A.B. asks: 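Sharing a structure here in structure tokens format.
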Amino acid sequence: MTEEFSVRNRDWLERWESGNTGWHHQEFNPHLLAFWQRLELATPCRVLVPLCGKSRDMVWLAEQGHSIVGVELSPLAVEGFFREQGLEPERKIAGGFECWEAGPYQILCGDIFNLHPDHIGHVDAVYDRASLVALNAQQRAQYAGLLARLLPGNCKVLLVAMDYDQRQMAGPPYCVDGEEVERLFQAHFAVTLLDSLDLLKETERYAGLGLSHMREQIYCLRCD
């Protein structure tokens with residue numbers, strides 16, 4: 001692991017330890033509810049949720065009949081998820097990850113960049129609400145390459161990205177505009193923009209930050 005990745009991982013762990021997790025929401029993500037069916041997946045299927053934290057979106061996906069394989073660095077987040085769902089997971093070490101498993105949920109606790117296809121098995125879909133935008137530019141390129149190696153043909157990804165002037169706000173969440181999404185994924189995925197939401201007009205969260213523009217963009221990626 002490079003020093004940069006080591007620092008990034010420490011920062012992520014410290015955020016969970018201090019409770020600085022402003023990206024975590026109790027409600028289901030509206031884009032998941034609105035656009036998941038656009039992936040036209042069979043049910044049940046196996047869904048990969050990278051950098052999953054303790055997202056309740058995994059609960060919604062399980063309620064649709066899917067099984068979930070999450071990947072998360074912080075054991076506090078993983079423990080919190082199972083505790084909040086009232087589940088007692090089995091825990092074991094598997095390929096350098098600590099695997100927590102109960103019900104329809106399997107969460108691999110460890111560094112996502114150490115992930116190999118054998119860790120996750122066959123997956124049919126990926127849900128990325130806050131993974132790509134949590135990574136800096138170098139990490140985003142490595143993440144795109146990782147997904148290309150992990151995913152089978154015809155696997156589909158529901159991706160949420162953000163477009164704003166990075167000079168006006170330090171990430172994360174980082175700006176990942178449409179041009180970068182195409183550049184990162186077009187070699188291995190068909191990229192389709194599903195919707196674009198003006199956050200400054202339609203939400204209050206970012207209204208006071210002095211941003212000239214901010215859009216949340218929802219994509220479907222299909223692995224070729």
Side-chain angles (χ1 to χ4, degrees), residues 2 4-5 8 12 23 29-41 45-53 55 57 61 69-71 111-113 115-117 120 122-203 205-206 209 211-224:
T2 67
E4 180 182 359
F5 281 105
R8 175 71 182 86
W12 187 257
W23 63 86
N29 184 270
H31 303 318
L32 175 63
L33 275 60
F35 294 103
W36 184 253
Q37 298 304 321
R38 295 280 294 275
L39 299 189
E40 298 181 342
L41 300 167
C45 70
R46 185 166 168 84
V47 181
L48 173 65
V49 185
L51 304 187
C52 62
S55 172
D57 290 342
L61 288 166
V69 53
V71 186
D111 189 334
I112 191 171
F113 290 103
L115 204 62
H116 296 284
I120 61 173
H122 179 86
V123 296
D124 304 285
V126 179
Y127 172 56
D128 180 347
R129 180 188 72 85
S131 304
L132 185 67
V133 296
L135 303 172
N136 65 33
Q138 178 189 354
Q139 294 167 328
R140 292 195 293 270
Q142 295 192 331
Y143 174 75
L146 176 68
L147 289 187
R149 294 192 301 274
L150 290 175
L151 304 181
N154 207 39
C155 185
K156 296 176 182 177
V157 182
L158 185 65
L159 170 68
V160 180
M162 302 186 81
D163 181 3
Y164 66 92
D165 189 338
Q166 190 75 80
R167 295 169 298 181
Q168 296 175 345
M169 185 178 80
Y174 292 103
C175 170
V176 187
D177 62 19
E179 182 177 320
E180 182 174 359
V181 171
E182 289 280 353
R183 185 170 67 250
L184 288 171
F185 293 104
Q186 65 182 352
H188 300 285
F189 298 84
V191 180
T192 303
L193 177 65
L194 299 178
D195 201 5
S196 182
L197 175 71
D198 188 334
L199 290 179
L200 299 185
K201 289 183 178 180
E202 301 189 41
T203 68
R205 183 178 179 187
Y206 299 100
L209 297 179
L211 299 174
S212 58
H213 70 280
M214 189 174 217
R215 303 196 71 86
E216 200 162 45
Q217 296 175 317
I218 302 92
Y219 296 89
C220 172
L221 313 179
R222 180 176 52 79
C223 189
D224 292 333

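Model, not experiment: these values are computed from the prediction.
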A.B. asks: Taking the side chain as C-beta and beyond, is there a heavy-atom pair between W36 and L41 under 4.5 Å?
C.D. replies: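 The answer is yes; the side chains approach within 4.5 Å.
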A.B. asks: Check whether any side-chain heavy atom of T192 sits under 4.5 Å from a side-chain heavy atom of R38, and report yes or no.
C.D. replies: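 No, side chains not in contact.
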A.B. asks: Could you tell me whether the side chain of V157 reaches within less than 4.5 Å of the side chain of F185, counting heavy atoms only?
C.D. replies: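 F185 vs V157: side chains apart.
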A.B. asks: Could you check whether any side-chain heavy atom of R222 comes within less than 4.5 Å of a side-chain heavy atom of N154, counting everything from C-beta outward?
C.D. replies: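 Contact flag for R222/N154 side chains = yes.
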A.B. asks: Can you confirm whether V191 sits close enough to V181 that some side-chain heavy atom of one is under 4.5 Å from a side-chain heavy atom of the other?
C.D. replies: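 Yes; the side chains approach each other to less than 4.5 Å.
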A.B. asks: Are L132 and Y219 side-chain neighbours, meaning at least one heavy-atom pair lies under 4.5 Å?
C.D. replies: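 No, too far: nothing below the 4.5 Å cut-off.
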A.B. asks: Would you say C175 and D165 make side-chain contact, with heavy atoms under 4.5 Å?
C.D. replies: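 A side-chain contact is absent here, since even the closest heavy-atom pair is not under 4.5 Å.
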A.B. asks: Using modelled atom types and a 3.5 Å cut-off, is there a donor and acceptor pairing between side-chain atoms of Q139 and backbone atoms of N136?
C.D. replies: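 Yes.
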A.B. asks: Mind listing the closest non-hydrogen atom pair of R129 and N29 along with its distance?
C.D. replies: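 Minimum heavy-atom separation between R129 and N29: CD-ND2, 3.0 Å.
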A.B. asks: Please check: side-chain N/O of E216 versus main-chain N/O of L199, any donor-acceptor pairing under 3.5 Å?
C.D. replies: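 The answer is no, because no donor-acceptor pair under 3.5 Å joins these two groups.
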A.B. asks: Would you check if L61 and L32 make a side-chain contact, meaning some heavy-atom pair closer than 4.5 Å?
C.D. replies: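 With C-beta onward as the side chain, the pair touches.
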A.B. asks: State, to 0.1 Å, how close L115 and L146 come at their nearest heavy-atom pair, and which atoms those are.
C.D. replies: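 Nearest pair, atom of L115 first, then L146: O-CD1, 3.6 Å.
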